[in-house]
Structures are given as structure tokens and as C-alpha cells.
Protein chains: 2
Amino acid sequence: MRLLDVSARLFAESGFDSVSLRLITENAEANLAAVNYHFGSKEELITAVVEKLVGPVNQRRLALLRKINLDISGACESIVEAFIDPVIQAASRGDEEDQRYCKLMSRCIASRDERVTSLVLRQFPEVLAKFVDALRSVCPWISSDEAHMRIMFMAGAMAHSLFHHDKLVIISEGRCEIASLDGLRDELVQFISAGMSAGTSKSV
Amino acid sequence: MRLLDVSARLFAESGFDSVSLRLITENAEANLAAVNYHFGSKEELITAVVEKLVGPVNQRRLALLRKINLDISGACESIVEAFIDPVIQAASRGDEEDQRYCKLMSRCIASRDERVTSLVLRQFPEVLAKFVDALRSVCPWISSDEAHMRIMFMAGAMAHSLFHHDKLVIISEGRCEIASLDGLRDELVQFISAGMSAGTSKSV
DNA sequence: AAATCAATTAAACGTTTGTTTGAATTCTCC
DNA sequence: GGAGAATTCAAACAAACGTTTAATTGATTT
């Protein structure tokens, strides 16, 4: 569906609310009423865009997680990779469509709009539970509450850096070079893996 | 100013765009034209709210950072605390005004609206540079680019968890208890400190 | 007491938004 | 090739938005 692709692109650039149906239908060379005819409403269009984006990522996360041998060393890093790589790989084709994918994904995860977060979080309990179990299997000293929080930290670090990492060179006023998406991924894995396997706060 | 407080409360709950000037002025028991008269426009009202919120936090961050003795062990943890505590402490009064403060702060940091991010990032280059220097002083094996990224990870993890940590009990479907703000802080410090002092990805 | 400035008020303005309507068009299948 | 469903189209709709205006009130100064 052409409307879905155009919507995803425009949503990535400007956010869900800022993009009007008129802008979408013009870019898709369709009539204004097309969205309401095919999707029913703008909100259902957003739902379709978000679910098309988030669904495959979560399924791939679970698939990668199942393949991990939790008994060998480096398993914690593999868990982090299983969470992050489905997002990075889906965007790592090299063209500038990647940036849009990253921005849109970041908008979904870091959205503060209940209508969007409810969509994203709908599929997340299963993912969260599986990753908590895996993490606690590798790092038994982590309590259940801690594991839940750390996965939340991971999601936040990823979403934030996905959206802002291309601005770093500006924010740092030239003191930092732009890193490739794969470079960002490596740094994310390194940072989060260390955080995941950290000791409990009470025992320090 | 009564308008500022009411605006901050409503912005925290529903976001900057979703809150209309009519809702603000009604809650503030003022006339609709009050915002345009005192601030000029809605955008300038948002500017005032954001800067009043973000400014003191960044100044407090820098003040805390200056007090750190970078030579002693545990300095890395202190750096992380200097970044996070100004946010937590400003919200840690115990009442439910805290949640609103957290949500608003999180909305500022994780906003994807250029008009908001430009306000937040305006003061950030100095903070970023100082924290990068401090971090690299404590962890000399970290490159400049890495340090910049890791501080971005820290901001993301904090912003995300500030907004969603009260939803964790729901998302986890009861498998996780709600943590206090101070508890969240301790977990954040623990997680991020470990990530900050992690080795370089290339050397592993 | 009159005059000047600041602040508040009610009302209307022009735009933009998502949505709906009914006719026109295209496509599908017998 | 024609009946019928599916789609596209131009137009209008009502609602909500930020903003502006002009009149009114209140306080301060002359």
C-alpha cells in the first residue's frame, strides 16, 4: 500500500500529529478521502504504520533470543544484541531510508502519546518477560525488579540514541564525529552489556 | 505566575501540543487571551515552561560535577549521579507533583519536536562537554566519540525510565513491583556507571 | 479628581484539522 | 459487453485551534 509507505516516511520526519492527511495524500498522489476510505480514520492509519513497524522487530527479537546458549560466556552480550539488532539491521541498508526508519522506530518507542505507547506496549509484555528470564538466567544476582528496570534502560538508551545520534556532531560543537549505524550499535551493545551485568546497588 | 504552573502541570500530563490555550486558561481561571498577552504566543509559553524546568537542572549538574574529585575511586559513579540527581531530587518530595515533574522532564528530553529539542539542547553543549571531559578523565580508555555516545545513552535511559517506570507493574503483568523514585535512581546509577566504565568495543 | 498605564474580558477572526457525502470513475466477473 | 462492486474524486462539513480586536476594569500617578 502506497499510503502506508508515504505515511511512514512523513511520520518519521515530523511525527504523527504534525502530519496532516492532506500532506499524506498529496505525497501519495491520492485523494484526501483515501485514508478514511482504506483505513477508517487517521488513528487507524497510525495503528497500521506502527504495528507494521514494531511487530516484526519483536518477533525477530524473540527468535534471536531463543537461539542463544545461555550457558556460555558472552551470553549477556548476546541478549543485548537480540534486543537491538532487529532494529539496527532493519535500518542498515546504507541508504537514507535508514535514517527515517530509525527516527520512526524511535518515535514509536519514545512516544509519550498514549495512543501510540499502548500500541507499542501491547506486544511488549511477552518480549519483556522473555528477556527478563534470559537476563536473570545469565546474571542470577539480579532481582526480578532490577531486570525489568534494566531492560527499560536498554530500550530508552537505544531509542534516544537512534533519534539523536546524527545530531551529536552538532550538539558536541564538532568535538564528536558522526558514527555509522553499525558503530552506534557496537557502542550500544558495549554500554548496555556492561550495565546489564552490573552488581546490585545494595551490595556495593 | 499562575499560568506557568498550570501549563507545566497540563503539559506534563498530555504533552505540549495536545494542551490547548483554552484548557490552560480555564484551569488557571484566566481569560483565553491571557497567554498571548503575557507571553506573546503559545510557543513562547512553552519556551518559558521548558527553560524554567531545564535551566536549573543543568546548572545543578555542572555544580555537582565541579565538586567531584576525579582522582578517587568511585568517581565514575559520582559523575553519573551528578547527571541524574538534579532531576531526581527536584522531583523527590514525595507528593504526586513529583510524577508530573518527571513526566514533564522526560517529555522535554525525549521530545521529538524540533521546537522543544532546540530549547533543551541549547544549554546542553556545555553540559555535554564538561561531562565528556570528566568521564574521559576517569576512564582514559574511552575515546571522545565513545564518551559522547555514552552520555547520550545515559540521557536516554534516564528519560525513558522517568516516564515509564510507573507503568512497569502493568507492562510486566504483575511480575514487577513499582519502585520508588529513589529506588529507580539507585538502579539507574548502578546500570549507567557500569556502562560508562565499560571497555572499548574494539578491544573486546 | 482626572489622567495614564496595565490588565482583563467577551467576542470574533481566519486557518487548519479529520471526516463525511454523493457523484463520477475504474475495475471485476459473469 | 454490461451489471455490480470497488475505488476515486471534488466539495463541503463541523469542530478546534491560536490569535487578534476593542471595550472594560483596576490601579497608579499627576
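Letters go in sequence order (proteins before strands), and every chain restarts at 1. Nothing here was measured: the structure is a model prediction, and the numbers come from that model.
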| Pairs involving residues 157-168 of chain B, ordered by first then second residue, that meet salt bridge (Lys or Arg N to Asp or Glu O under 4.0 Å) (sequence neighbours left out) | B:K103-B:D166
| In whole Å, what is the span from the CG atom of A:N36 to the C1' atom of C:dT20? | 8 Å
| query | Which residue pairs pass the side-chain hydrogen bond (donor to acceptor under 3.5 Å, both in side chains) test when at least one of the two sits in residues 104-119 of chain B, sequence neighbours left out? | reply | A:S106-B:R112, A:R112-B:S106, B:D17-B:R115, B:D113-B:R115
| query | What is the minimum heavy-atom distance between B:A198 and B:R150, and which atoms define it? | reply | O-NH1, 2.9 Å
| remark: Across all chains, not counting sequence neighbours, the ring pair (Phe, Tyr, Trp, His ring centres under 6.0 Å) partners of A:H148 are none
| said: In this structure, how many angstroms lie between the C1' atom of C:dA10 and the CD atom of B:E26, rounded? | reply: 14 Å
| Interatomic distance, B:F39 CZ vs D:dG18 P [rounded to whole Å] | 15 Å
| Between B:H38 and C:dT8, is there a side-chain N or O to OP1/OP2 distance below 4.0 Å? | yes
| For the pair made of CG in A:L3 and P in D:dT7, what is the distance, rounded to whole Å? | 12 Å
N/O contacts under 3.5 Å, protein versus nucleotides 10-17 of chain D?
residue	atom	partner	partner atom	Å
D:dA10	N7	A:N31	ND2	3.4

| task | Let me know the distance between CD1 of A:I24 and C1' of C:dG18, rounded to the nearest Å. | result | 11 Å
| field | Set of residues satisfying salt bridge (Lys or Arg N to Asp or Glu O under 4.0 Å) with respect to B:R185, sequence neighbours excluded | value | B:E81, B:D85
| message | Without decimals, in angstroms, what is the distance between A:F16 CZ and C:dT17 P? | response | 17 Å
| task | Kindly write out the residues that satisfy salt bridge (Lys or Arg N to Asp or Glu O under 4.0 Å) with A:E13, not counting sequence neighbours, or none if the list is empty. | result | A:R100
| request: Measure the distance from CG on A:L45 to P on C:dT17 and round it to the nearest whole Å. | output: 15 Å
| Length of the OH-C1' vector between B:Y37 and C:dC5, whole Å | 9 Å
